[in-house]
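Here's the structure, in structure tokens; my notes come after.
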Amino acid sequence: MPELPEVETVRAKLAPVLTGRRFDSVEIADARLVRPYEPAEVAAELTGEQVAAVERRGKYLIVRFESGRALLIHLRMTGSLRAAGANGLEDDAHRRAVVRLDNGSDVAYRDVRRFGTWLLLEPGELDEYLASRLGEEPFDALFTTARLGERLRKRRAPIKAALLDQRTLAGMGNIYVDEALWRARIHPLRPAESLDRNELRRLHRAIRAALEHGIARQGSTLRDYRLPDGGEGGMQHEFKVYGRGDEPCDRCGTPIAKSRVGGRGTWFCPACQPERPAAAQAASKSSSRPSRSRRQSSV
Ligand SMILES: [Zn+2]
């Protein structure tokens with residue numbers, strides 16, 4: 001499923017294709033894409049709209065129109081957008097929608113599993129729609145270590161499940177949560193509320209680093225994710241843990257373990273990411289020796 005790095009890559013590639021262009025005609029071939037609305041009605045509403053900007057929030061792609069309306073696209077599991085090349089669009093049994101732009105070129109939406117959604121919002125509706133569903137953007141200045149700590153406070157759920165919850169933080173999914181937890185050396189089953197300040201700091205840094213790495217590699221193509229020009233991402237070749245069961249950990253050589261957390265396949269290093277971290281044990285043991293724990297926490 002496309003996560004923040006994949007959607008951001010799509011956004012960056014689509015923005016120059018769409019910005020300033022008008023939707024000359026729109027064809028929506030799958031009622032699931034826009035339900036509960038009628039495909040023909042939505043297509044008619046979109047026709048004539050001029051694109052002001054292409055933005056992203058969490059895993060949502062936002063096409064903002066000059067009219068103040070916005071088309072909110074969620075790719076879910078297998079959605080992808082394709083800008084036609086010089087020879088037009090190739091045949092595709094999984095094409096669900098096509099937008100013809102005022103310069104004569106086409107942008108197509110493809111979706112094998114058909115979980116993706118297009119939602120046309122009226123002026124003023126977007127912020128409220130997103131605010132009720134999403135936490136902070138990971139690269140926003142508002143997303144600080146302290147904010148992350150607030151979001152995780154009093155939550156006994158495993159840290160992995162808490163990070164998958166889009167209201168904790170927008171944009172993380174199964175891949176980048178596993179990657180970030182490995183970087184932060186935190187076991188995916190640790191109760192979210194149990195992370196100490198150092199761990200929160202490490203996790204905050206790790207989330208941004210894992211996502212930045214994903215964006216730099218233009219996302220990960222495992223099955224259906226494609227760039228709008230048909231190319232593939234490269235992040236799948238550089239995963240530290242995701243999908244790497246039994247392969248040696250890059251940091252310590254221990255075979256990567258696979259487990260399930262909240263029904264999701266989960267990979268981690270059992271040595272680097274202990275379920276009961278030694279730091280916590282040492283901290284409780286050394287509580288009578290504050291000088292030592294102070295030195296440790298400053299590292
Ligand atoms: Zn390791």
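Treat the numbers as computed from the prediction; the structure is a model and nothing was measured.
- A salt bridge links Asp250 with Arg244: the distance from a Lys NZ or Arg NE/NH1/NH2 to an Asp or Glu carboxylate oxygen falls below 4.0 Å.
- The backbone N or O of Gln166 sits nowhere less than 3.5 Å from a side-chain atom of Thr168 that would complete a donor-acceptor pair.
- The backbone N or O of Phe143 lies less than 3.5 Å from a partner atom in the side chain of His204, making a donor-acceptor pair.
- There is a path of hydrophobic side-chain contacts, each under 4.5 Å, that joins Leu222 to Leu4.
- Using a distance-only test at 3.5 Å, with no hydrogens or angles considered, a donor-acceptor pair links the side chain of Glu179 to the main chain of Lys240.
- Seen from the ring of Tyr129, Arg133 counts as a face-on cation partner, given the 6.0 Å and 45° thresholds.
- A salt bridge links Glu55 with Arg64: at least one charged nitrogen is closer than 4.0 Å to a carboxylate oxygen.
- Checked for salt-bridge contact, Glu49 and Arg22 miss the test: no charged N lies under 4.0 Å from a carboxylate O.
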Met172 and Leu164: CA distance, side-chain angles, deciding distance, side chain to side chain contact (heavy atoms under 4.5 Å, CB included) verdict: CA-CA 6 Å; Met172 300 283 279; Leu164 286 174; 5.7 Å; no
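- For Phe65 and Phe23, the gap between ring centers is short of 6.0 Å.
- For Glu137 (side chain) and Gly58 (main-chain N/O), a donor-acceptor pair under 3.5 Å exists by modelled atom type.
- Between Glu150 and Arg147 a salt bridge is recorded (basic side-chain N to carboxylate O distance below 4.0 Å).
- A salt bridge between Glu193 and Arg155 is absent, with no side-chain N of the basic residue lying under 4.0 Å from a carboxylate O of the acidic one.
- For the atom pair CG (Asp30) and CZ (Arg96), the distance works out to 5.5 Å, reported to the nearest 0.5 Å.
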Candidate pair Tyr225 and Gln218, rule side-chain hydrogen bond (donor to acceptor under 3.5 Å, both in side chains), full reasoning: CA-CA 11 Å; Tyr225 166 72; Gln218 303 200 309; over 6 Å; no
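- Using a cutoff of 4.0 Å between basic side-chain nitrogens and carboxylate oxygens, Arg69 and Glu125 are not scored as salt-bridged.
- Relative to the ring axis of Phe115, Arg32 places its NZ or CZ within 45° and under 6.0 Å from the centre.
- A salt bridge between Arg113 and Asp111 is absent, with no side-chain N of the basic residue lying under 4.0 Å from a carboxylate O of the acidic one.
- Look at Asp178 and Lys160 and you find a salt bridge, because one of the NZ, NE, NH1 or NH2 atoms lies within 4.0 Å of a carboxylate O, short of that distance.
- In this structure, Leu61 and Leu14 have side chains that are in contact, with non-hydrogen atoms separated by less than 4.5 Å.
- Arg251 places a side-chain N or O within donor-acceptor distance of the main-chain N or O of Trp182, the cut-off being under 3.5 Å.
- The pair Arg56-Glu8 counts as a salt bridge, with a side-chain nitrogen and a carboxylate oxygen less than 4.0 angstrom apart.
- Side-chain atoms of Arg11 come within 3.5 Å of backbone N or O of Val54 as a donor-acceptor pair.
- The OG atom of Ser194 lies 6.5 Å from the CD atom of Glu199; values are rounded to the nearest 0.5 Å.
- Note on Asp24 versus Arg100: no salt bridge recorded, every NZ/NE/NH1/NH2 to OD/OE distance being 4.0 Å or above.
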